[in-house]
**Student:** 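Starting off with a structure, shown below.
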Amino acid sequence: MERFPGIPPEAVFKEDLLRGGVAFDPSALSGNEGGEVKPKSYFIFSFDHRTLPELGEAALNRPPEEIVLTGGPYGLRRTVVSVRVNPSSPYRVAPDGEGALALFLDGVRIADVGLPPMPEYYRHPLTNGKSVMEVAPTIQWGYLIYLTVFRVCQYFGAKEECQYCDINHNWRQHKAAGRPYTGVKPVDEVLEALEIIDRHDTDRTSTAYTLTGGAVTSQVGGKDEADFYGQYARAIEERFPGRWIGKVVAQALPKEDVQRFHDYGIRIYHPNYEVWDRRLFELYCPGKERYIGRDEWHRRILDSAEVFGPRNVIPNFVAGVEMARPSGFLTVDEAIASTREGLRFFMSRGITPRFTTWCPEPTTPLGRENPDGAPLEYHLRLLEAYTATLEEYGLTAPPGYGPAGPGRAVFSVSSFMDALPPAPGE
């Protein structure tokens, strides 16, 4: 914080927790779906630093979906952080001397900790007995409904899977543990879960939904990727017109497929470019390089802006893999220079990328080689570069992520929204 006075202290702690994980005292675990705390749903990836069998009690009694930090010696403003469990982390959530939950760093109290309350809609199962949390979990403190309608990826095996991604293993470990983890979610189940959320979310906290899942290189249920994911959007928009902002995370598809997304009712498109550097993209995303290729991927992102408008095309990259051994950049300077080049490529065209802080999951090749992830310095300098590039091109926080600014942001898997200034008038 002394070295980066322009970065909100909330973002410093949040990035450190996201990149390295947090340990939990047993009393801070959620009680699963029968408790008073909203449990971690494992909505697409594990986002843990250990496999389920290695998490101990946290595998049986789930951790919370997110935590919120406030107060403490640094006077932290309200900061929502996605939970990434790491039993060996120097950060630990545990009761203080008076029994209130707090965040400790090497035993030193850092902040008060709030846990997300169990939402009323999680208490009402579907008619077939499935839970809303399994079909339509919410994250970002209830702002976003995360619809992972295809729980595996057709980029499969060492020669195709992205080297930082554990979507396929996450599916396997949940099935091995006997947990419900529906592979392809039927449209009618998704609609029923959304009806329950709509009925019980009386404060209208849920504002957006994201349709996503693994890449479709052939077909699922006789449909290509655009029609497979698009069928859910069409059904949702017909049943709940205008209730939520519709977003889709999918591959960078040809313009005619992207148009179908828009026609189905999607308003924000996330064709994630993962990592900017050409050599690293080819190494880390072998399936995407083989089927589409980096240059074509980028061309399709630019083409999609003609359909959705540049502001509504928001490609993600995985912040930190730039420095992963053995092939990544050796210095923070090199990694930031590369990432900034990608930011300028897109922002100069009105497209605003966003990023997820890399969690080095242990079943992935990059996670095994880099259990500590990228250095905190990289993540803080990325926040500097991101905000500076946004300002350089006269852009503001992308839509569909809730409010910006420290103490206001709810986006939980990186701190880019915490580091941005609030929108005018907020």
Side-chain angles (χ1 to χ4, degrees), residues 10 13-14 17-18 21-48 55 57-72 76-86 91-95 99-103 110-125 131-148 193-194 196-198 200-210 244 356-357 359 401-403 406-415 417-418:
E10 294 82 1
F13 281 110
K14 184 169 177 172
L17 287 165
L18 290 172
V22 61
F24 283 85
D25 185 85
S27 65
L29 297 174
S30 73
N32 296 320
E33 288 185 78
E36 296 301 315
V37 174
K38 184 182 185 183
K40 183 169 177 171
S41 60
Y42 291 89
F43 51 91
I44 186 166
F45 313 116
S46 73
F47 281 135
D48 283 335
L55 289 182
E57 192 165 348
L60 302 174
N61 191 19
R62 296 190 189 205
E65 185 76 81
E66 293 149 333
I67 56 175
V68 63
L69 308 178
T70 53
L76 298 184
R77 291 161 287 188
R78 183 178 186 272
T79 306
V80 180
V81 187
S82 178
V83 164
R84 300 173 173 187
V85 184
N86 182 358
Y91 288 99
R92 184 173 181 83
V93 175
L101 281 184
L103 178 69
I110 297 297
D112 301 329
V113 169
L115 303 181
M118 179 71 76
E120 180 62 27
Y121 46 79
Y122 270 19
R123 302 184 188 277
H124 300 270
S131 68
V132 169
M133 187 183 79
E134 160 60 12
V135 178
T138 56
I139 59 173
Q140 298 173 25
W141 219 257
Y143 176 88
L144 180 67
I145 305 170
Y146 210 91
L147 301 173
T148 312
L194 292 178
I196 294 171
I197 293 175
D198 185 52
H200 296 284
D201 180 22
T202 54
D203 292 335
R204 291 297 193 258
T205 301
S206 61
T207 304
Y209 67 82
T210 291
W244 296 284
T356 301
T357 301
C359 177
Y401 288 91
R408 299 175 51 82
V410 294
F411 186 68
S412 58
V413 293
S414 81
S415 59
M417 289 294 286
D418 302 78

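All values below were derived from every heavy atom in this structure, side-chain atoms included, with hydrogens, water molecules and symmetry-related copies excluded.
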**Student:** Quick one: do Thr210 and Leu147 satisfy side chain to side chain contact (heavy atoms under 4.5 Å, CB included)? Show the steps, please.
**Tutor:** CA-CA 6 Å; Thr210 291; Leu147 301 173; over 6 Å; no
**Student:** Can you tell me if Thr207 and Trp244 form a side-chain donor-acceptor pair at under 3.5 Å?
**Tutor:**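 Thr207 vs Trp244: no donor-acceptor pair found between side chains.
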**Student:** Does the side chain to side chain contact (heavy atoms under 4.5 Å, CB included) test come out yes or no for Ile67 and Val83, once each step is laid out?
**Tutor:** CA-CA 7 Å; Ile67 56 175; Val83 164; 4.0 Å; yes
**Student:** Would you call the rings of Phe43 and Phe47 parallel, tilted or perpendicular, where under 30° means parallel and over 60° means perpendicular?
**Tutor:**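 Rings of Phe43 and Phe47: tilted, as their planes differ by 30° to 60°.
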**Student:** Could you go step by step and tell me if Arg84 and Glu65 meet the salt bridge (charged side-chain N to carboxylate O under 4.0 Å, His left out) rule?
**Tutor:** CA-CA 9 Å; Arg84 300 173 173 187; Glu65 185 76 81; over 6 Å; no
**Student:** Can you find a side-chain donor-acceptor pair between Glu66 and Ser412 that sits under 3.5 Å?
**Tutor:** yes
**Student:** Yes or no on side chain to side chain contact (heavy atoms under 4.5 Å, CB included) for Leu76 and Thr70, after CA distance, side-chain angles and deciding distance?
**Tutor:** CA-CA 5 Å; Leu76 298 184; Thr70 53; 5.7 Å; no
**Student:** With a 4.5 Å heavy-atom cut-off, do Val413 and Thr357 have their side chains touching?
**Tutor:** no
**Student:** Does Asp418 offer a backbone N or O that forms a donor-acceptor pair with the side chain of Ser415 under 3.5 Å?
**Tutor:**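 No: the side chain of Ser415 does not pair with the backbone of Asp418.
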**Student:** Is it true that Glu33 and Lys40 have a side-chain N and a carboxylate O under 4.0 angstrom from each other?
**Tutor:**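 So Glu33 does not pair with Lys40 through a salt bridge.
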**Student:** Restricting to non-hydrogen atoms, name the atom on Val93 and the atom on Ala28 that form the minimum distance, rounded to 0.1 Å.
**Tutor:**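 Minimum heavy-atom contact is CG1-CB, 3.8 Å.
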**Student:** So which heavy atom on Pro116 is nearest to which on Pro64, and how close?
**Tutor:** CD-CB, 3.9 Å
**Student:** What residue among Thr202, Asp198, Ile197 forms side chain to side chain contact (heavy atoms under 4.5 Å, CB included) with Tyr121?
**Tutor:**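 Output: one option passes, namely Ile197.
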**Student:** Would you say the side chain of Leu29 lies within less than 4.5 Å of the side chain of Glu57, judging by non-hydrogen atoms?
**Tutor:** yes
**Student:** Could you tell me the separation between the OG atom of Ser30 and the CD atom of Glu36, rounded to the nearest 0.5 Å?
**Tutor:**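 Going from OG on Ser30 over to CD on Glu36, the span is 11.0 Å.
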**Student:** Would a 4.5 Å heavy-atom cut-off, applied to side chains only, mark Lys38 and Pro119 as touching?
**Tutor:**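 A side-chain contact under 4.5 Å exists here.
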**Student:** Strictly distance-based, threshold 3.5 Å: is any side-chain N or O of Asp48 a donor or acceptor partner for the main-chain N or O of Val85?
**Tutor:**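 Side chain of Asp48 to backbone of Val85: a pair is present.
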**Student:** Does NZ or CZ of Arg78 come closer than 6.0 Å to the centre of the six-membered ring of Trp141, within 45° of the ring's axis?
**Tutor:**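 Yes, Arg78 lies over the aromatic ring of Trp141.
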**Student:** Run the side chain to side chain contact (heavy atoms under 4.5 Å, CB included) check on Val22 and Leu103 step by step: do they pass?
**Tutor:** CA-CA 9 Å; Val22 61; Leu103 178 69; 4.1 Å; yes
**Student:** Cut-off 3.5 Å, side chains only: do Thr205 and Asp203 have a donor facing an acceptor?
**Tutor:**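 Checked: Thr205/Asp203 side chains show no N/O donor-acceptor pair below 3.5 Å.
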**Student:** Judged by atom type as modelled, is there a donor-acceptor pair below 3.5 Å linking the side chain of Tyr146 to the main-chain atoms of Thr138?
**Tutor:** no
**Student:** What class does the angle between the rings of Phe13 and Tyr91 fall in, given that below 30° is parallel, 30 to 60° is tilted and above 60° is perpendicular?
**Tutor:**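 Perpendicular: the ring planes of Phe13 and Tyr91 meet at over 60°.
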**Student:** Is any side-chain heavy atom of Val113 closer than 4.5 Å to one of Val68?
**Tutor:**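 Answer no - side chains too far apart.
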**Student:** Measure from the side-chain N and O atoms of Arg62 to the backbone N and O of Ala59, and report whether any donor-acceptor pair falls under 3.5 Å.
**Tutor:** no
**Student:** Taking Asp112 for its side chain and Ala102 for its backbone only, find out whether a donor-acceptor pair lies under 3.5 Å.
**Tutor:** no
**Student:** Taking the side chain from Thr79 and the backbone from Arg77, do they hold a donor-acceptor pair closer than 3.5 Å?
**Tutor:**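 Present.
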